[in-house]
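Per chain, numbering begins at 1; letters A, B, ... match sequence-line order.
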Amino acid sequence: MAADDATRRKDDMWNSYDTGSRVGVMAQTIGYPSEGADIHAYHATPLESGDLRPGIVLVHHQPGWDEFYREVAERLARHGYEVIAPDLYCRAGHATPDDVAAKVRGQGGVSDDQAIADLAAARTWLLDRSSSNGKVAIMGSCSGARQAVLTASRVPGFDAVVDLWGGAVVAAAGDLNDKRPVAPIDYTADLHSPLLGIFGNEDLSPSPEQVDIHEAELTRLGKEYEFYRYDGAGHGFIYYHTPRYRPEQAMDAWEKVWAFLERRLSSGSSEKRD
Amino acid sequence: VCTHITTTAAIDGSGKGGASWFPVKEVSVGYDHATQGVNEHALLVDFVNYDIGLGARLALELDLDSGRALVAALQKVIATAEAAGLR
(Lines give C-alpha, C1' and ligand atoms only; values in the text may rest on other atoms or scores of the structure.)
Protein backbone atom coordinates (compact mmCIF):
# COMPACT_ATOMS: atom_id res chain seq x y z
CA MET A 1 0.00 0.00 0.00
CA ALA A 2 1.40 3.39 -0.93
CA ALA A 3 1.39 6.16 1.63
CA ASP A 4 -0.59 8.36 -0.77
CA ASP A 5 -3.36 5.80 -0.72
CA ALA A 6 -3.40 5.91 3.03
CA THR A 7 -3.67 9.68 3.27
CA ARG A 8 -6.01 10.36 0.36
CA ARG A 9 -9.00 8.45 1.68
CA LYS A 10 -11.63 10.28 -0.35
CA ASP A 11 -13.99 7.31 -0.09
CA ASP A 12 -13.24 6.49 3.50
CA MET A 13 -15.88 5.67 6.06
CA TRP A 14 -13.65 7.13 8.78
CA ASN A 15 -14.88 10.64 9.63
CA SER A 16 -17.68 10.24 7.12
CA TYR A 17 -20.56 11.07 9.46
CA ASP A 18 -22.49 14.31 9.49
CA THR A 19 -21.60 16.38 12.55
CA GLY A 20 -25.27 17.18 12.99
CA SER A 21 -26.17 13.54 13.48
CA ARG A 22 -26.88 12.21 16.96
CA VAL A 23 -25.03 9.07 17.91
CA GLY A 24 -24.96 6.96 21.02
CA VAL A 25 -23.71 3.57 22.09
CA MET A 26 -24.68 1.42 25.01
CA ALA A 27 -22.05 -1.04 26.21
CA GLN A 28 -21.97 -3.30 29.21
CA THR A 29 -21.04 -6.74 30.46
CA ILE A 30 -23.83 -9.26 30.16
CA GLY A 31 -24.21 -13.00 30.65
CA TYR A 32 -25.56 -15.37 28.06
CA PRO A 33 -26.21 -19.12 28.21
CA SER A 34 -23.92 -21.68 26.61
CA GLU A 35 -23.92 -25.36 27.47
CA GLY A 36 -25.35 -24.72 30.92
CA ALA A 37 -22.87 -21.99 31.81
CA ASP A 38 -23.42 -18.27 32.17
CA ILE A 39 -20.76 -16.82 29.86
CA HIS A 40 -19.66 -13.24 30.33
CA ALA A 41 -19.69 -11.12 27.23
CA TYR A 42 -19.22 -7.47 26.38
CA HIS A 43 -22.30 -6.23 24.59
CA ALA A 44 -22.12 -3.01 22.62
CA THR A 45 -24.96 -1.68 20.51
CA PRO A 46 -26.17 1.57 19.02
CA LEU A 47 -28.75 3.29 21.16
CA GLU A 48 -32.29 2.31 20.29
CA SER A 49 -33.26 3.91 17.00
CA GLY A 50 -36.02 1.61 15.86
CA ASP A 51 -33.87 0.38 12.98
CA LEU A 52 -32.99 -3.26 12.62
CA ARG A 53 -29.29 -3.88 12.66
CA PRO A 54 -26.80 -6.63 11.87
CA GLY A 55 -24.84 -8.37 14.57
CA ILE A 56 -21.21 -9.28 15.04
CA VAL A 57 -19.78 -12.01 17.25
CA LEU A 58 -16.39 -10.55 18.20
CA VAL A 59 -13.74 -13.07 19.25
CA HIS A 60 -10.93 -11.86 21.48
CA HIS A 61 -7.29 -12.70 20.92
CA GLN A 62 -4.88 -14.92 22.83
CA PRO A 63 -3.95 -12.18 25.36
CA GLY A 64 -7.49 -12.42 26.60
CA TRP A 65 -10.80 -10.64 26.96
CA ASP A 66 -9.05 -7.35 27.34
CA GLU A 67 -9.63 -3.63 27.16
CA PHE A 68 -8.68 -3.47 23.49
CA TYR A 69 -11.56 -5.76 22.64
CA ARG A 70 -14.02 -3.68 24.63
CA GLU A 71 -12.93 -0.67 22.61
CA VAL A 72 -13.25 -2.57 19.32
CA ALA A 73 -16.77 -3.64 20.32
CA GLU A 74 -17.69 -0.02 21.00
CA ARG A 75 -16.14 1.07 17.71
CA LEU A 76 -18.17 -1.47 15.77
CA ALA A 77 -21.31 -0.38 17.60
CA ARG A 78 -20.69 3.26 16.67
CA HIS A 79 -20.77 2.11 13.07
CA GLY A 80 -24.18 0.56 13.53
CA TYR A 81 -23.51 -3.03 14.54
CA GLU A 82 -24.81 -4.90 17.56
CA VAL A 83 -21.80 -6.65 19.02
CA ILE A 84 -21.35 -9.48 21.48
CA ALA A 85 -17.78 -10.23 22.52
CA PRO A 86 -17.80 -13.41 24.63
CA ASP A 87 -15.17 -14.06 27.28
CA LEU A 88 -13.92 -17.39 25.98
CA TYR A 89 -11.76 -17.68 29.10
CA CYS A 90 -14.77 -17.25 31.42
CA ARG A 91 -14.65 -20.82 32.66
CA ALA A 92 -11.06 -20.33 33.90
CA GLY A 93 -12.18 -17.74 36.44
CA HIS A 94 -11.84 -14.02 36.79
CA ALA A 95 -8.93 -11.70 37.47
CA THR A 96 -7.06 -9.18 35.31
CA PRO A 97 -7.13 -10.19 31.62
CA ASP A 98 -3.46 -11.17 31.52
CA ASP A 99 -3.72 -13.24 34.70
CA VAL A 100 -6.66 -15.16 33.26
CA ALA A 101 -4.88 -15.53 29.90
CA ALA A 102 -1.83 -16.96 31.69
CA LYS A 103 -3.94 -19.65 33.32
CA VAL A 104 -5.60 -20.57 30.04
CA ARG A 105 -2.22 -20.61 28.29
CA GLY A 106 -0.91 -23.00 30.93
CA GLN A 107 -3.92 -25.23 30.25
CA GLY A 108 -3.03 -25.33 26.57
CA GLY A 109 -5.77 -22.95 25.52
CA VAL A 110 -9.52 -23.37 25.14
CA SER A 111 -10.63 -26.45 23.25
CA ASP A 112 -12.01 -25.88 19.78
CA ASP A 113 -15.28 -27.61 20.65
CA GLN A 114 -15.78 -25.34 23.67
CA ALA A 115 -15.00 -22.17 21.73
CA ILE A 116 -17.30 -23.17 18.88
CA ALA A 117 -20.15 -23.91 21.29
CA ASP A 118 -19.76 -20.57 23.06
CA LEU A 119 -19.51 -18.63 19.79
CA ALA A 120 -22.48 -20.42 18.24
CA ALA A 121 -24.51 -19.58 21.34
CA ALA A 122 -23.44 -15.95 20.99
CA ARG A 123 -24.77 -15.91 17.43
CA THR A 124 -28.08 -17.30 18.65
CA TRP A 125 -28.20 -14.63 21.36
CA LEU A 126 -27.79 -11.91 18.73
CA LEU A 127 -30.41 -13.40 16.40
CA ASP A 128 -32.89 -13.56 19.27
CA ARG A 129 -32.66 -9.80 19.76
CA SER A 130 -35.75 -7.99 18.50
CA SER A 131 -33.40 -5.46 16.85
CA SER A 132 -31.68 -8.10 14.70
CA ASN A 133 -31.93 -7.82 10.92
CA GLY A 134 -31.18 -11.54 10.73
CA LYS A 135 -27.55 -11.12 9.67
CA VAL A 136 -24.57 -12.02 11.86
CA ALA A 137 -20.85 -11.92 11.13
CA ILE A 138 -18.03 -13.36 13.19
CA MET A 139 -14.77 -11.46 13.54
CA GLY A 140 -11.59 -11.93 15.50
CA SER A 141 -7.86 -11.48 15.58
CA CYS A 142 -4.97 -13.79 16.38
CA SER A 143 -6.33 -16.97 18.03
CA GLY A 144 -9.77 -15.33 17.85
CA ALA A 145 -9.53 -15.17 14.07
CA ARG A 146 -8.65 -18.83 13.95
CA GLN A 147 -11.69 -19.57 16.11
CA ALA A 148 -13.84 -17.33 13.92
CA VAL A 149 -12.84 -19.17 10.73
CA LEU A 150 -13.29 -22.51 12.47
CA THR A 151 -16.71 -21.63 13.90
CA ALA A 152 -18.02 -20.30 10.59
CA SER A 153 -16.91 -23.57 8.99
CA ARG A 154 -18.48 -25.81 11.62
CA VAL A 155 -21.64 -23.81 12.40
CA PRO A 156 -23.86 -22.99 9.43
CA GLY A 157 -25.45 -19.61 9.10
CA PHE A 158 -22.83 -16.93 9.63
CA ASP A 159 -23.15 -14.27 6.94
CA ALA A 160 -19.52 -13.13 6.93
CA VAL A 161 -16.17 -13.89 8.55
CA VAL A 162 -13.38 -11.41 9.30
CA ASP A 163 -10.00 -13.05 9.88
CA LEU A 164 -7.46 -10.61 11.29
CA TRP A 165 -4.12 -12.47 11.08
CA GLY A 166 -5.48 -15.72 12.46
CA GLY A 167 -2.64 -17.96 13.56
CA ALA A 168 -2.60 -21.72 13.05
CA VAL A 169 -5.40 -21.80 10.48
CA VAL A 170 -2.77 -23.80 8.67
CA ALA A 171 -1.17 -26.30 11.05
CA ALA A 172 1.18 -29.24 10.75
CA ALA A 173 0.01 -32.61 12.04
CA GLY A 174 2.43 -32.34 14.94
CA ASP A 175 0.76 -29.12 16.10
CA LEU A 176 -2.64 -30.77 16.49
CA ASN A 177 -3.79 -32.22 19.82
CA ASP A 178 -6.93 -33.18 21.72
CA LYS A 179 -8.01 -29.57 22.11
CA ARG A 180 -7.26 -28.62 18.51
CA PRO A 181 -7.66 -31.90 16.61
CA VAL A 182 -8.21 -30.48 13.13
CA ALA A 183 -6.65 -27.46 11.44
CA PRO A 184 -9.31 -24.94 10.37
CA ILE A 185 -8.06 -25.06 6.79
CA ASP A 186 -9.21 -28.67 6.64
CA TYR A 187 -12.81 -27.50 7.10
CA THR A 188 -12.62 -25.09 4.16
CA ALA A 189 -15.06 -27.16 2.12
CA ASP A 190 -17.65 -26.51 4.85
CA LEU A 191 -17.10 -22.74 4.92
CA HIS A 192 -20.08 -21.10 3.30
CA SER A 193 -19.56 -17.57 4.55
CA PRO A 194 -17.67 -14.89 2.62
CA LEU A 195 -14.26 -14.41 4.20
CA LEU A 196 -12.21 -11.24 4.62
CA GLY A 197 -8.57 -11.82 5.55
CA ILE A 198 -6.18 -9.10 6.76
CA PHE A 199 -2.50 -9.98 7.20
CA GLY A 200 0.87 -8.39 7.81
CA ASN A 201 3.66 -9.59 5.60
CA GLU A 202 6.12 -9.50 8.51
CA ASP A 203 3.93 -11.77 10.64
CA LEU A 204 5.43 -15.04 11.83
CA SER A 205 2.09 -16.66 12.72
CA PRO A 206 0.50 -16.71 10.23
CA SER A 207 3.49 -16.39 7.95
CA PRO A 208 2.97 -15.17 4.38
CA GLU A 209 3.60 -18.74 3.26
CA GLN A 210 0.78 -20.01 5.49
CA VAL A 211 -1.52 -17.31 4.13
CA ASP A 212 -0.59 -18.50 0.62
CA ILE A 213 -1.59 -22.05 1.54
CA HIS A 214 -4.91 -20.89 2.99
CA GLU A 215 -5.63 -18.75 -0.06
CA ALA A 216 -4.80 -21.60 -2.42
CA GLU A 217 -7.28 -23.85 -0.63
CA LEU A 218 -10.01 -21.21 -0.76
CA THR A 219 -9.37 -20.78 -4.47
CA ARG A 220 -9.29 -24.52 -5.12
CA LEU A 221 -12.67 -24.97 -3.47
CA GLY A 222 -14.22 -21.91 -5.12
CA LYS A 223 -14.85 -20.05 -1.91
CA GLU A 224 -15.75 -16.38 -1.75
CA TYR A 225 -12.93 -14.47 -0.08
CA GLU A 226 -10.79 -11.38 -0.23
CA PHE A 227 -7.33 -11.19 1.31
CA TYR A 228 -5.30 -8.03 1.91
CA ARG A 229 -1.65 -8.23 2.85
CA TYR A 230 0.34 -5.30 4.14
CA ASP A 231 4.04 -4.63 3.78
CA GLY A 232 5.76 -3.07 6.76
CA ALA A 233 3.32 -4.69 9.16
CA GLY A 234 3.52 -7.73 11.39
CA HIS A 235 1.21 -9.47 13.82
CA GLY A 236 -1.41 -7.28 15.41
CA PHE A 237 -0.68 -4.13 13.46
CA ILE A 238 -3.99 -2.52 14.47
CA TYR A 239 -3.18 -2.90 18.19
CA TYR A 240 -2.68 0.78 18.97
CA HIS A 241 -1.67 -0.05 22.53
CA THR A 242 1.47 -1.89 21.37
CA PRO A 243 4.69 -1.00 19.52
CA ARG A 244 3.43 -3.16 16.67
CA TYR A 245 0.87 -0.54 15.66
CA ARG A 246 1.24 0.63 12.07
CA PRO A 247 -1.17 3.54 11.57
CA GLU A 248 -1.29 3.71 7.77
CA GLN A 249 -1.78 -0.02 7.34
CA ALA A 250 -4.22 -0.16 10.24
CA MET A 251 -6.43 2.61 8.90
CA ASP A 252 -6.50 1.03 5.46
CA ALA A 253 -7.37 -2.33 6.98
CA TRP A 254 -10.24 -0.80 8.93
CA GLU A 255 -11.61 0.60 5.67
CA LYS A 256 -11.52 -2.90 4.21
CA VAL A 257 -13.40 -4.18 7.25
CA TRP A 258 -16.07 -1.48 7.09
CA ALA A 259 -16.63 -1.98 3.37
CA PHE A 260 -16.83 -5.77 3.72
CA LEU A 261 -19.27 -5.65 6.62
CA GLU A 262 -21.43 -3.10 4.84
CA ARG A 263 -21.64 -5.29 1.74
CA ARG A 264 -22.33 -8.51 3.60
CA LEU A 265 -24.61 -7.50 6.44
CA SER A 266 -26.75 -4.58 5.38
CA SER A 267 -29.41 -6.42 3.39
CA GLY A 268 -31.19 -8.23 6.19
CA SER A 269 -34.79 -7.94 7.25
CA SER A 270 -36.23 -4.44 7.52
CA GLU A 271 -39.19 -5.48 9.62
CA LYS A 272 -38.83 -5.09 13.34
CA ARG A 273 -39.60 -8.29 15.21
CA ASP A 274 -41.51 -8.67 18.46
CA VAL B 1 -3.07 -19.19 21.64
CA CYS B 2 -1.34 -18.64 18.37
CA THR B 3 1.86 -20.68 18.74
CA HIS B 4 0.43 -23.36 21.05
CA ILE B 5 3.90 -23.77 22.55
CA THR B 6 3.44 -24.30 26.26
CA THR B 7 4.35 -26.62 29.10
CA THR B 8 3.90 -26.68 32.84
CA ALA B 9 5.76 -28.18 35.79
CA ALA B 10 4.89 -28.67 39.45
CA ILE B 11 7.30 -26.74 41.67
CA ASP B 12 7.65 -25.97 45.36
CA GLY B 13 8.82 -22.57 46.49
CA SER B 14 7.81 -19.02 47.28
CA GLY B 15 7.35 -15.97 45.16
CA LYS B 16 6.89 -12.31 45.87
CA GLY B 17 4.18 -10.41 44.09
CA GLY B 18 3.67 -6.83 45.15
CA ALA B 19 4.42 -6.47 48.85
CA SER B 20 3.79 -10.02 49.95
CA TRP B 21 5.18 -13.50 49.48
CA PHE B 22 3.05 -16.49 48.55
CA PRO B 23 3.75 -20.19 48.02
CA VAL B 24 4.18 -21.12 44.34
CA LYS B 25 3.06 -24.54 43.16
CA GLU B 26 3.38 -24.48 39.41
CA VAL B 27 5.42 -22.86 36.66
CA SER B 28 3.98 -22.40 33.22
CA VAL B 29 6.39 -21.75 30.36
CA GLY B 30 5.21 -20.75 26.93
CA TYR B 31 6.45 -19.05 23.82
CA ASP B 32 3.68 -16.90 22.46
CA HIS B 33 2.60 -13.33 21.89
CA ALA B 34 4.18 -10.90 24.30
CA THR B 35 1.94 -8.55 26.18
CA GLN B 36 4.84 -6.19 26.91
CA GLY B 37 7.88 -5.10 24.94
CA VAL B 38 8.43 -4.72 21.22
CA ASN B 39 8.91 -8.34 20.23
CA GLU B 40 6.05 -10.26 18.65
CA HIS B 41 6.76 -13.35 20.72
CA ALA B 42 8.42 -13.94 24.06
CA LEU B 43 9.15 -16.67 26.53
CA LEU B 44 6.26 -16.38 28.96
CA VAL B 45 7.14 -17.67 32.41
CA ASP B 46 4.46 -17.68 35.08
CA PHE B 47 4.97 -18.83 38.66
CA VAL B 48 1.48 -19.39 40.02
CA ASN B 49 -0.63 -20.82 42.80
CA TYR B 50 -4.19 -21.24 41.64
CA ASP B 51 -5.22 -22.51 45.05
CA ILE B 52 -4.94 -18.88 46.11
CA GLY B 53 -6.35 -17.32 42.97
CA LEU B 54 -5.55 -16.27 39.43
CA GLY B 55 -3.80 -13.17 40.74
CA ALA B 56 -1.24 -15.26 42.66
CA ARG B 57 1.19 -14.99 39.77
CA LEU B 58 4.72 -13.85 39.11
CA ALA B 59 5.16 -13.22 35.41
CA LEU B 60 8.23 -12.87 33.22
CA GLU B 61 8.46 -12.18 29.51
CA LEU B 62 11.92 -12.87 28.08
CA ASP B 63 13.50 -13.12 24.66
CA LEU B 64 15.08 -16.45 23.77
CA ASP B 65 18.63 -15.33 24.54
CA SER B 66 17.52 -14.14 27.95
CA GLY B 67 15.81 -17.46 28.51
CA ARG B 68 19.02 -19.31 27.71
CA ALA B 69 20.98 -17.01 30.02
CA LEU B 70 18.48 -17.69 32.80
CA VAL B 71 18.68 -21.46 32.28
CA ALA B 72 22.51 -21.33 32.26
CA ALA B 73 22.58 -19.27 35.43
CA LEU B 74 20.18 -21.65 37.18
CA GLN B 75 22.17 -24.70 36.09
CA LYS B 76 25.44 -23.12 37.21
CA VAL B 77 24.14 -22.27 40.66
CA ILE B 78 22.37 -25.63 41.06
CA ALA B 79 25.58 -27.50 40.12
CA THR B 80 27.67 -25.40 42.49
CA ALA B 81 25.28 -25.88 45.39
CA GLU B 82 25.06 -29.63 44.86
CA ALA B 83 28.85 -29.91 44.50
CA ALA B 84 29.17 -28.16 47.86
CA GLY B 85 26.82 -30.66 49.41
CA LEU B 86 24.27 -27.97 50.15
CA ARG B 87 21.27 -29.79 48.75
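- Ring geometry for H235(A) versus H41(B): interplanar angle of 30 to 60°, hence tilted.
- To the nearest 0.5 angstrom, T8(B) atom OG1 is 12.5 Å from K103(A) atom NZ.
- Around the CD atom of Q28(A), the shell of radius 6.0 Å holds more than 12 heavy atoms that belong to other residues, nucleotides or ligands.
- We find the CG-OG distance between D32(B) and S143(A) to be 8.0 Å, quoted to the nearest 0.5 Å.
- Nearest heavy atom pair, residue S28(B) against residue G106(A), reads OG-CA, 3.5 Å.
- Between chain B and the options T242(A), T96(A), D203(A), D175(A), heavy-atom pairs under 4.5 Å are most frequent for D203(A).
- The minimum heavy-atom distance between H94(A) and L54(B), with the atom names listed, is N-CD2, 4.2 Å.
- In the displayed structure, E226(A) atom CD is contacted under 6.0 Å by more than 12 heavy atoms of other residues, nucleotides or ligands.
- Ionic pairing of D98(A) and R57(B) is present here: one or more N-O contacts between side-chain nitrogen and carboxylate oxygen are shorter than 4.0 angstrom.
- Closest heavy-atom contact between R244(A) and A34(B): NH2-O, 3.8 Å.
- At a 4.5 Å heavy-atom cutoff, Q107(A) makes no contact with chain B through either its backbone or its side chain.
- T6(B) contributes a side-chain N or O that, together with a main-chain N or O of R105(A), makes up a donor-acceptor pair within less than 3.5 Å.
- Options N177(A), L204(A), D66(A), D99(A) differ in how many heavy-atom pairs under 4.5 Å they form with chain B, and the most are formed by D99(A).
- For D178(A), the CG atom sits in a loose shell: 12 or fewer heavy atoms of surrounding residues, nucleotides or ligands are nearer than 6.0 Å.
- For NZ of K256(A), the number of neighbouring non-hydrogen atoms (other residues, nucleotides, ligands) closer than 6.0 Å is greater than 12.
- Pairing each heavy atom of A95(A) with each of G55(B), the nearest pair is CB-N, 4.4 Å.
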